Structures are given as C-alpha cells and as structure tokens.
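To start, the structure under review is shown below, and the notes come after it.
Since this is a predicted model, take the numbers as computed values, not measurements.
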Amino acid sequence: MPERVIKSLDGKRGAFLFVGGLAYLFIGLSYLVAPTAGRQAAFSWLPEMLTPQLLGWVWVVGGAGVAVVSLISRAHRSTEPPAFGVLMLCPALWVVIFAVSSIVGVHPSGWVSSIAYGLMAMWVWIAAGWDNPAPQERVVRGE
C-alpha cells in the first residue's frame, strides 16, 4: 500500500499512478537495453528512424513523468487525469504497432502482444474512473 508509506500520494489513485509510472519506466528500459528479434520484427514496418529503442523512450519519459506527478497528486489532483492519459497512451501505441505488424505479416504473432498491451490500456482506463475510497473510521471489534 504505497499510499500509506508515501503521504503525498492521492490515495489509491495516486498509488496506482506511482506503481504504473515505475512499471512503465522499467518497461521502457527493457526496450532500451534488451532488444529482441520479436520487437525488431514488430517495429520493422515503421519508418527506419522509429526503432524499438527510440520508442522505448516514450515509456521511460512517460513513466518517470507519471511517477513524479503521482508524488504531488494529493496537493495537485488536477494533474491526475493527464497522468492517466499518459498511462493509456503508451500501451495504446503498442497495440497499434503490434497489431499492424501482425496484419502486414512482419511479425505474425504480434497480435498476442497487441492484446496484452490493450489489456494494460483498459486497466488504466478503468482505474482512471475510480474515486478514492472514503476514509473509514476504525471499528473496535467486541464492543
């Protein structure tokens, strides 16, 4: 429960943004330091300059930005909607990249990654609509 440890997080929504931002940072780093044949194939239909490594920076910068925003989210709640948008943007872009790679035949199993990234985007979309739970008073049992 990050929101209990980091008091500047805006409850569960802030915690979701913090963990999501860190996750995206590491996903992006994996694109920078661990190129794979599947990733190379999936991105091969894009213009030559749009490599997996270059586009991995979208995840790194987006993830770092979302993590930073989460750390000020309790005091600046208006920053949350754009941060959720960034968390949806990254996997949504990857849905398109992997789906097209499968459709054009350069990465026939790209549709599997497209589904996985699509699910990530949907989880964020669902969480973005949640309110923080209302604080509950402690109930002493046995009275």
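Contact annotation: the side chain of F43 never approaches that of Q53 to less than 4.5 Å [non-hydrogen atoms, C-beta and beyond]. Under the 4.5 Å side-chain criterion, counting only non-hydrogen atoms from C-beta, Y24 is in contact with P91. Within the 4.5 Å cutoff, the side chain of Y31 has no heavy atoms near those of the V58 side chain. Proximity of L55 to I97: side-chain heavy atoms (C-beta onward) are separated by under 4.5 Å at one or more points. At least one side-chain heavy atom of L87 sits under 4.5 Å from a side-chain heavy atom of F16. Between V86 and V69, every side-chain heavy-atom pair lies at or beyond the 4.5 Å cut-off.
To the nearest 0.5 Å, atoms CD (E80) and CD1 (I72) are separated by 10.0 Å. Interatomic distance, M88 CE to M122 CE, rounded to the nearest 0.5 Å: 7.5 Å. Taken to the nearest 0.5 Å, the NZ atom of K12 stands 14.0 Å off from the CG atom of D131. How far CG of L54 is from CG of L46: 10.5 Å, rounded to the nearest 0.5 Å. F98 contributes atom CZ, which lies 10.5 Å from atom CG of L93 (distance to the nearest 0.5 angstrom).
Listed for the S102 side chain is a donor-acceptor partner under 3.5 Å among the backbone atoms of P108. Between the side chain of R39 and the backbone N or O of A34, at least one donor-acceptor pair lies under 3.5 Å.
By the neighbour-count criterion of 12 heavy atoms within 6.0 Å, atom CH2 of W45 is densely surrounded, having more than that number from other residues, nucleotides or ligands.
Both W125 and V95 are assigned to one and the same hydrophobic cluster, defined by single-linkage of ILVMFWY side chains at heavy-atom distances under 4.5 Å.
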